[in-house]
Amino acid sequence: MRTRGVQAMLEVLSGCGVRYLFGNPGTTELPFLDALAGDNRVQYILALQEIPAMAIAEGYALASGQPGVVNVHICCGLGNAMGMLFNAYRSGSPLIVTAGQQDQRMIFEEPILWGDMVSVARPWTKWAAEIRRPEDVPSAMRRAVQTALTPPTGPVFLSLPLDVQMGEGEMDVRPPCLPDPHLRPAPESIRRAALVLAEARNPGILVGSRIREAGAVNELAAVAERLGAPVIHEASTSHGRMSFPSDHPLAAWPLEYWSPEVCQRLAEFDVLLVAGMRLMQQYIYHGPRPIPEHVKLVQIDDDPWELGKNYPLEAAVAGHPKPALAELAELIDMAMSSRQIAAARARGEARAAAHRKQREALLREAENRYSTRPMAPMCLMDVLSRILPDNVAVIDESPTTTGCYFERVGALKASGDYFAHRGWALGWGLNCAIGVKLAWPDRPVLAILGDGAALYGFQGLWTAAHYRIPVTFVITNNAQYRILKQCANVLRLPHAQAGHYLGLDIIEPAIDFVGLARSLGVAATRVSQPHELAEQAAASLAGNVPQVIEVPIQAP
């Protein structure tokens, strides 16, 4: 068919089932917006700045499994978007990021706003390119969709000159035919993994986000149950999606932040199965390497780069985690003797009992914090855990408050309910929650946000208000960058150890989050008592409008 470049883009995207396009426009994006104005297949979601646009798109992509499509404004808009592009790159989120470019007929003159955007975006994308002819638009879009969605998934970037957007040509606008990603591993590698795990006296499992994203949670649970092995998620500093049900008897508490504590935690194991996790993503250097030297490692991943990247392996399994874990469970059954099966059953029962005791002790500790004012972080989390709807989705950008509490007490029943950072460019959580709600309109969505993090992407509230996207935003306000104070003490910085911090307190004046939210069209309230929080959060999660609940909390 003969059509314009921007129309060809829409034809390919709508053919792929794309429902939303997220963006903040400028002059070089106007042809694309004009085409969208006459096309009701794809809805444009306006954000007031590129941080919200990118993070909303990532939330949508994570929850839906479909590509999040973003259109930002040339060099300055791409610059604003880079922090969120880094997040998507670190998390492997399938984003298709586009930006308008100046007309190629005047690029040699270096016009206003022009720049080499491809070189800027390339380090944090799987593929980046500038389209030079209108006729190449369909091929570029098909390649972008396939690249973003092919494991290991991740963001791509396309620069769209104005003359390419507006130019005409004969084009084949069919959508891509995506390959099935469920590639089986080499048989010998999975047999080797099964033998190593079957012989383990005290195995454990380290799990990362890609197990959830691969739809392999049930397969991982089957392996864990056969081995009687605890399943340990990444620390909140690199947690990402939750890949194991938190109420499962073998669900252990996530890893600690720092290397010495991680090393001590893992010292009891003789073999660790590492599934869909980057081994090991540390936050700051603090002592010995986190994997003890005596531990044998078996690793499964759909990204061969991750296999043995930092630690030598006893068995390396390259393939899609879902068929890999299913085959592993069957081969473990065949490899284990009756004595080993009995030992695994006893291990599993002992682990389940220990986990129950941990959870009971934590619940008692939380109850003892209810009288503290301002509210203790653990009290806040316990209150919320008691009013969570069964099908709630939780987005976490407040790690020093949340402390993975919902997981530690088994409050989240389904493994796909939880979304957390993997990149740590702030402003992500508030806006990710909006994208998750767009993907899951029938599920309540709760975002738990630190005060500092929320301020990076607060403009996203306008988008929630404008499109009536009902998310409950709980802002935990301790008037500081608490995690940075913790890090300063881990680094043994002298002034920090004396309690003197520079630039880490958000005071004088205090931020009026309620006033800010209301100015952007979102209902807001401030609560200080546990029963008030329970009432407001429960009502908001059951409601149909966005709401901000600010909670002053104790600064430990």
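For reference, positions follow the sequence shown, starting with 1.
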If only side-chain N and O atoms count, and only distance matters, is there a donor-acceptor pair under 3.5 Å linking [Y] with [X]?
| X | Y | result |
| --- | --- | --- |
| R41 | S14 | yes |
| H73 | E29 | yes |
| Q146 | T150 | no |
| Q529 | R373 | yes |
| E407 | H233 | no |

- Task: Give me the one residue out of N391, D417, D390 that meets side chain to side chain donor-acceptor pair (under 3.5 Å) with R443.
- Result: D417
- Query: Are the aromatic ring centres of F406 and W253 under 6.0 angstrom apart?
  - Reply: no
Salt bridge or not for [X] and [Y], using N-O below 4.0 Å?
| X | Y | value |
| --- | --- | --- |
| E213 | R210 | no |
| R408 | E365 | no |
| E58 | R90 | no |
| K437 | D442 | no |
| E261 | R265 | no |

- Query: Only one of V70, V69, L438 clears side-chain contact (heavy atoms from CB on, under 4.5 Å) with Y20; which?
  - Reply: L438
What heavy-atom pair brings [X] and [Y] nearest, and what distance separates the two atoms?
| X | Y | value |
| --- | --- | --- |
| D512 | R526 | OD1-NH2, 3.2 Å |
| I51 | Y456 | CD1-O, 3.7 Å |
| P321 | I300 | CA-CG2, 4.3 Å |

- R241 charged N/C atom sitting above Y418 aromatic ring, 6.0 Å / 45°: no
- Message: Can you classify the ring geometry of F244 versus H248 as parallel (below 30°), tilted (30 to 60°) or perpendicular (above 60°)?
- Response: tilted
- Indicate the ring-plane relationship of Y283 and W258, choosing parallel, tilted or perpendicular according to the 30° and 60° boundaries. parallel
- Query: So how far is it from I553 CD1 to T401 OG1, rounded to the nearest 0.5 Å?
  - Reply: 3.0 Å
- Message: I'd like to know if the side chain of S91 reaches the main chain of G240, judged simply by a donor and an acceptor atom lying under 3.5 Å from each other, with no hydrogens or angles considered.
- Response: no
